[in-house]
Structure formats: structure tokens, C-alpha cells
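Below, chain A is the first sequence line, B the second, and so on; all start at residue 1.
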2 protein chains.
Amino acid sequence: MSKSLELEDVTATAPCCAPLGGPPLAEDEAVELARVFKALSDPVRLRLLNLIASSAGGEACVCDLTTPFDLSGPTISHHLKVLRQAGLITGERRGTWVYYRPVPTAITRLSTLFTLPPTP
Amino acid sequence: MSKSLELEDVTATAPCCAPLGGPPLAEDEAVELARVFKALSDPVRLRLLNLIASSAGGEACVCDLTTPFDLSGPTISHHLKVLRQAGLITGERRGTWVYYRPVPTAITRLSTLFTLPPTP
DNA sequence: CATCTAATTTGACATCTATCTATCCAGAAA
DNA sequence: TTTCTGGATAGATAGATGTCAAATTAGATG
């Protein structure tokens, strides 16, 4: 098994990047993409990713990610794990604290997904 | 109430478009966005949206959306409803058949969401 | 070593979701 | 009107998900 904080990155196996208006999605691609969107389908996780992605220094300490929410520590930890397993963020432990940062390639590729051809 | 096929569009109420790396998402925006991503968090719905968005003529008949899947009619109907309620597609009945088309503004705004500032 | 703190994991529980079958509705065509 | 067909709705069920309290792990510090 992977060690605690290492990312079991789902996106690593499937490239996928063609826009939704493009060629038909293969079943595998659809399954993998769906997992990423499932990670984004919760308000708390969206705000967490937003907090992390907008943090000065490009990373955020978990200790700063817990206070903005009216939720228990384990729940925040759970949501961070989901985002991690979707390949959207990575976590690193430095001393006592754990820092999370976004994975730019994983986020940027979603941008191209929603690019539509100009209506002629 | 709205009549059968009219879209109870969720996105109509919330604009929201700033990139994830931008200012903090308000709780309401996060909730609304999460609903859109929940609609995208299923492989079947992703492939449906892909089929619809890539259809010649800009629309697809439900009759053509059922056959590619090994699922019952009602299940496909359910998934189309979820996409409709998320504001991602609209449906229109013409005679015997129902045609679905993508909602470009709803899709395009997601593209900007995932735009990250260049790392300096 | 013992202790303290930050964070994750475990286990439980209520709620939500994808799917099916059966039924219903809306037009078209007898 | 009656009948047929495409599609949506209703109701049921197995499985997934968000949440918390309690237990656990990883470093730091005494």
C-alpha cells in the first residue's frame, strides 16, 4: 500500500482532455472524469480547493483549513482525502503540520474540457 | 410549478464565474456549483452530455441517446433530468420526439473556473 | 521515556443516489 | 375515439456518501 500521505492519484492513469463537444468519451475516460467531478460535487470540498488554490505561497496548512468551517476535524480530513485521491491536490507533512497545494495540471485540463467551439 | 419539460434551472439564480484561484467562494456559490458538478459526477451523464454537445445540428433526440447505453429508458430519462436541473442542457418536444441541446453559457463558465494564474 | 498537539483512520448512522419495473402522459395515426 | 409509441414519473431497493465521536499515528518537546 501507499504510505499515508502519498496520493493515490486517479488522474495519473488517464490523460483525457478533449472538449465535451469533441469525439465521444470512452467509458474509461468517463469513469475517471466522473470521479474527479464527484470530488468537486460537495460545497465544502469546493471551498477547500478554493482556499488552497488561492493561498499565498501556493499552499495551505490544514490548521488554517479547519477553522473556516463549522465541521469536525475528521470531516475536513475526509474531504481533503477525497480531493487528494481525485488528484486535485497533494499533501506534504513538514514537522507538525501538513500542507496542501493544488495540482495545476489536473485543474487546468478541466478548463479545456468545457471549451465549446464557437457557434457558426 | 413548471410544466413538465421546462428547466428548473439552478444556475439561473447564481452567476458565479471567478476562477478557483480567485476570491473566496461564498457558501451559496459553492452550494450551487456543487450541484452542477454533482450532475457531472456520473459516467453515464458525462457521456450523455458529450453525445449531446457533439451532435450535428446542436441537438440530439432522446431516441438516439438510449441505444448507446446498456440501461433502461427510465434511467436515461432520470439522468437527462439531472443534467437539465443543473442547467447544463435543455429539452424540447417536437411532435413525437424530444430533443436535447447543451446550454453553452452554463458550460463555458466552468471553463473559466478552472483557469489558474500562471506561476510566476 | 512520557506527554502534548496536529492530523488521519476507524466504525457507526442517517441520508442520498442509481437502477429497475410498473404506470402514466403526450402526440400521431388509424 | 381508440390505439400505438416515445418519453417521463412513481415507487422500491441496494449501495454510496457526509458527518461525528473515539481511537490511532507522527512529530515535537519536556
Side-chain angles (χ1 to χ4, degrees), chain A residues 1-8 10 27 30-31 34-48 51-52 59-86 89-101, chain B residues 1-8 27 30-31 34-49 51-52 59-86 89-101:
Chain A
M1 276 305 274
S2 59
K3 306 183 69 178
S4 58
L5 268 181
E6 310 213 332
L7 60 155
E8 311 116 47
V10 178
E27 167 106 23
V31 168
R35 225 174 319 208
V36 175
F37 287 125
K38 186 161 291 179
L40 294 169
S41 71
D42 183 280
V44 175
R45 288 196 289 267
L46 276 179
R47 291 177 58 201
L48 279 172
L51 284 174
I52 296 172
E59 62 182 11
C61 173
V62 174
C63 56
D64 293 326
L65 294 175
T66 307
T67 45
F69 299 92
D70 197 20
L71 292 171
S72 69
T75 297
I76 297 298
S77 209
H78 161 70
H79 285 307
L80 289 172
K81 183 180 186 177
V82 173
L83 288 172
R84 221 171 54 220
Q85 290 180 330
I89 60 175
T90 49
E92 180 197 359
R93 168 163 225 139
R94 285 206 301 276
T96 307
W97 291 278
V98 174
Y99 297 88
Y100 280 97
R101 58 177 65 235
Chain B
M1 275 308 272
S2 58
K3 306 183 68 178
S4 58
L5 266 181
E6 311 212 332
L7 61 155
E8 312 116 43
E27 167 105 26
V31 168
R35 225 173 320 208
V36 176
F37 288 125
K38 188 161 290 180
L40 294 170
S41 70
D42 183 280
V44 175
R45 287 197 289 268
L46 277 178
R47 290 177 60 200
L48 279 172
L49 183 57
L51 283 174
I52 295 172
E59 62 182 12
C61 174
V62 173
C63 56
D64 293 327
L65 295 175
T66 306
T67 45
F69 299 92
D70 196 20
L71 293 171
S72 69
T75 297
I76 297 298
S77 211
H78 160 71
H79 285 307
L80 290 171
K81 183 180 185 177
V82 173
L83 288 172
R84 221 171 53 222
Q85 290 181 329
I89 60 176
T90 49
E92 181 197 358
R93 169 163 224 137
R94 285 205 303 275
T96 308
W97 290 277
V98 175
Y99 297 88
Y100 280 97
R101 59 177 64 236

Separation of [N] [atom2] from [X] [atom1] (nearest whole Å):
X	N	atom1	atom2	answer
A:D64	C:dA7	CG	P	8 Å
B:Q85	C:dT17	CD	P	11 Å
B:I89	D:dG7	CD1	C1'	14 Å
A:R93	D:dT25	CZ	P	13 Å
B:Y99	C:dG27	OH	C1'	13 Å
B:I76	D:dA8	CD1	P	10 Å
B:L65	D:dG6	CG	P	14 Å
B:L80	D:dG6	CG	C1'	13 Å

Side-chain N or O of A:Y100 less than 4.0 angstrom from OP1 or OP2 on C:dT8?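 For C:dT8, OP1 or OP2 has a side-chain N or O of A:Y100 closer than 4.0 Å.
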Between B:S77 and D:dA8, does any side-chain N or O lie under 4.0 Å from OP1 or OP2?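 Indeed, a polar side-chain atom of B:S77 lies that close.
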Quick one: salt bridge (Lys or Arg N to Asp or Glu O under 4.0 Å) partners of A:R47, sequence neighbours excluded?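 Checked A:R47 against salt bridge (Lys or Arg N to Asp or Glu O under 4.0 Å); matches are B:E27.
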Can you give one letter per nucleotide of nucleotides 10-23 of chain D, 5' to 3': B if a protein heavy atom sits under 4.0 Å from the base, S if only from the sugar-phosphate, - if neither? -------SSBBBB-
Test of understanding: with ring pair (Phe, Tyr, Trp, His ring centres under 6.0 Å), list the residues that count as partners of B:Y99, not counting sequence neighbours.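 Expected list: none.
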Mind checking what makes ring pair (Phe, Tyr, Trp, His ring centres under 6.0 Å) contact with A:F37, not counting sequence neighbours?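 In terms of ring pair (Phe, Tyr, Trp, His ring centres under 6.0 Å), with neighbours along the sequence ignored, A:F37 is linked to A:F114, B:F37.
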Report the residues that fulfil side chain to side chain donor-acceptor pair (under 3.5 Å) with A:T96, sequence neighbours left out, ordered by chain and then residue number.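 Not a single residue meets the side chain to side chain donor-acceptor pair (under 3.5 Å) criterion with A:T96.
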Not counting sequence neighbours, list each pair that qualifies as a salt bridge (Lys or Arg N to Asp or Glu O under 4.0 Å) and has a residue in residues 59-72 of chain B.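 Passing the test, one end in residues 59-72 of chain B: B:E59-B:R94, B:E59-B:R101.
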Within the structure provided, determine whether B:T75 and B:H79 are in side-chain contact (heavy-atom separation under 4.5 Å).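 Yes - at least one pair of side-chain heavy atoms lies under 4.5 Å apart.
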